[in-house]
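Have a look at the structure below, then the notes.
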Amino acid sequence: MQKYQTFIGFRYLRTRLFTILSLLAVQFCVAVLMVVLCVMWGFDRDLRASIRGSLSTIIIEGQFGDEIDDWEEVVDEIKNIEGVAYSAPYVQSLCLIIANNVKLPSRVKGVILDKERTTSKVEAYFKNGTKQRLDFNLEMEDGDSLQPPNPGAVVGTELARNMGLRPGTKVRFIASRSAARFRPDEFTVVGSFKSGLYDFDLHHVYVPLEDAQAMLGMGDAVTGVSVEVTDGASPSDVRERIKRKLGSICRVETWEDRRRNFLGSLAIERRVQAVIIGMVAFLAGFTILATIWMTVKEKTKDIGIIKSCGGTTFGIMSIFVFNGFYIGVVGAALGLALGLLFLSYINPIADFIEGLTGFSVFPKTMYYIDKIPVEFNVNGISWILALAVIFCVVYSIIPAWFASRLNPVEALRYE
Amino acid sequence: MSDLLAAENLHKRYFDGSSELHVLRGVSMGVGAGEILVIMGPSGAGKSTLLHILGALDTADEGEVTYDGLGFSSLSGSMLAGLRNHHFGFVFQFFHLLPDLRAIENVMLPAMIDTGVFAWLGRKRAVLERAKELMELVGLGDRMRHKPGKLSGGERQRLAIARALMNRPRIVFCDEPTGNLDTATSNDIFELIHTLNQDEGLTFVIVTHNKQLAERADRVLHIIDGQIDGIQLEPAQDPQSDEEIH
């Protein structure tokens, strides 16, 4: 690499409006791609979480929806299986929740909290809501815990907001399992939980396992057993081992098996998005091609001059490729900064636009997520930056090659 | 004395659609070391084309140019570029300076082309000194940081001459160096060329219409219709032997 290649390359960048425009073009392309993809990754993550809901990594339920009569035996059977870390029994049923003369459908889950916390994020959900302790007692303002007269229920924050539920509010459930089993026992709301997934927070209620069993008339039986796998274990491998151990009395599934349809459509959507974004990036790269092409056209005479002073074909080519590389690197860095800045404030910006125009940028009831989700995927962002630089270099090679082939005499005559 | 630069039976054709323009029709000539050779002739006679081929800026369709015994046809593109960088200098009618570079940077260009990025760190000071020296020599000592656009025509041409001299070439090719300048400025340029020829022993090959410049040349070569019409020894140098060789 000779001195003039970098020197003239830099000088062209410093003195040209085209350079500034193409830097801005790369910056905006990178920033827009980053924002779109980080939000999409965030959506993907939250949508998967939303689709997963309170499902544990592996779910063991009775075959054909039967109850599991002796869950402790099941837990004993599986606890030594390689890859099984924790297990927790649960009872789950669709119910109508009735309070303050309002009825709403909800999914009531009866759990043993000490076990449930090992297979789901229930502890974090409680802490994010108003229920600070992992129990079903009422929490007093002075920090004391008070056992309510009726069994306690922890409701989702959105459900609490919609029905006006507060700690101490009495609620009743009508279970869908069987009207004959319906017992008009009342529960007392002892707090709310928040998962951040709008749909989950609107339709779920946690109650103690034995009270759910009593309400549903199930005796000691449970709906299923949640299983959490050890770090690094493959859920599908563990599923197979459990299946072999339990035989056909139970249905064993990973949460992804259970939500296969949703996840399938999500995967298709992701592939379509990848194709569209690839096309956008490809087209955006043409701005670099056009810019460098314009530079070559404008600098045709310079190319003749440099050649007359001894500049080589490779030397001329590298001046323009260097330009493309520089635009790629600096544009990508500026784009990264702009993208990170925008993503950091994406929710305040959405709120600001909503306040200004009244137009709801992100209606949470539509997306089942309470704020615009963002996932800073370092790998993905690195790919965007690398592709921006690669596209800029590749697109600059074409005009640079043409520039380098120019006959010096013709280039000098060019007006 | 053998020629420093020699051309043998040069032919050059241009094609415009189906019509052919035969610009050079078998030109043979030589340039001796340290001489000023002027090429004259009417417009379209092929003077500039000949100059470009002699300076390795263009290639002939037939024939061979040899520099110091080295045939151009045996050299690769990058070797020819090296020749233009180290051994030849060029001065054009329209100056052809890089508008984005300052005056002194234009002068330094051939040295930058000759030097690697890392070697430049060690060589920069010497190059800068040489460029300043050349700018003083051509009378532009106070214009070093100006962009070419801020200089007058005469100043630009002197700057182009300084650039041509940067790498201490043996031959400077000038294509109508005064074609765009007024008489007084043209005289300054003649003077500069003459001084460089006398003091530094530089060889000049000059295409011009300017008779005054031709009068101060060692030899004048006339080209008409792509052929050498005659070589005239300059009367100012040898007024008694005003011979023409046909």
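Using a cutoff of 4.0 Å between basic side-chain nitrogens and carboxylate oxygens, A:Arg413 and A:Glu410 are not scored as salt-bridged.
Between B:Tyr67 and B:Phe88, the gap from one ring centroid to the other is short of 6.0 Å.
Contact tally against chain A (heavy-atom pairs below 4.5 Å) for B:Thr59, B:Leu97, B:Thr115, B:Asp58: the top residue is B:Thr115.
The salt bridge (Lys or Arg N to Asp or Glu O under 4.0 Å) test with B:Asp114 singles out one residue from B:Arg123, B:Arg84, B:Arg130, B:Arg168, and that residue is B:Arg123.
Interface residue B:Phe92: only side-chain heavy atoms are found under 4.5 Å from chain A. Of the two parts of B:Leu101, the backbone and the side chain both hold a non-hydrogen atom closer than 4.5 Å to a non-hydrogen atom of chain A. For A:Asn407, the part sitting under 4.5 Å from any heavy atom of chain B is the side chain, from C-beta outward, and nothing else. Interface remark: A:Ile8 contributes side-chain atoms only to the contact with chain B (heavy atom separation under 4.5 Å). Both the backbone and the side chain of A:Ser308 come within contact range of chain B, with heavy atoms under 4.5 Å apart.
Judged purely by atom type and a 3.5 angstrom limit, B:Asn85 uses its side chain to pair as donor or acceptor with the backbone of B:Pro110. When atom types are taken as modelled, the side chain of B:Arg25 and the backbone of B:Gly226 share no donor-acceptor pair closer than 3.5 angstrom.
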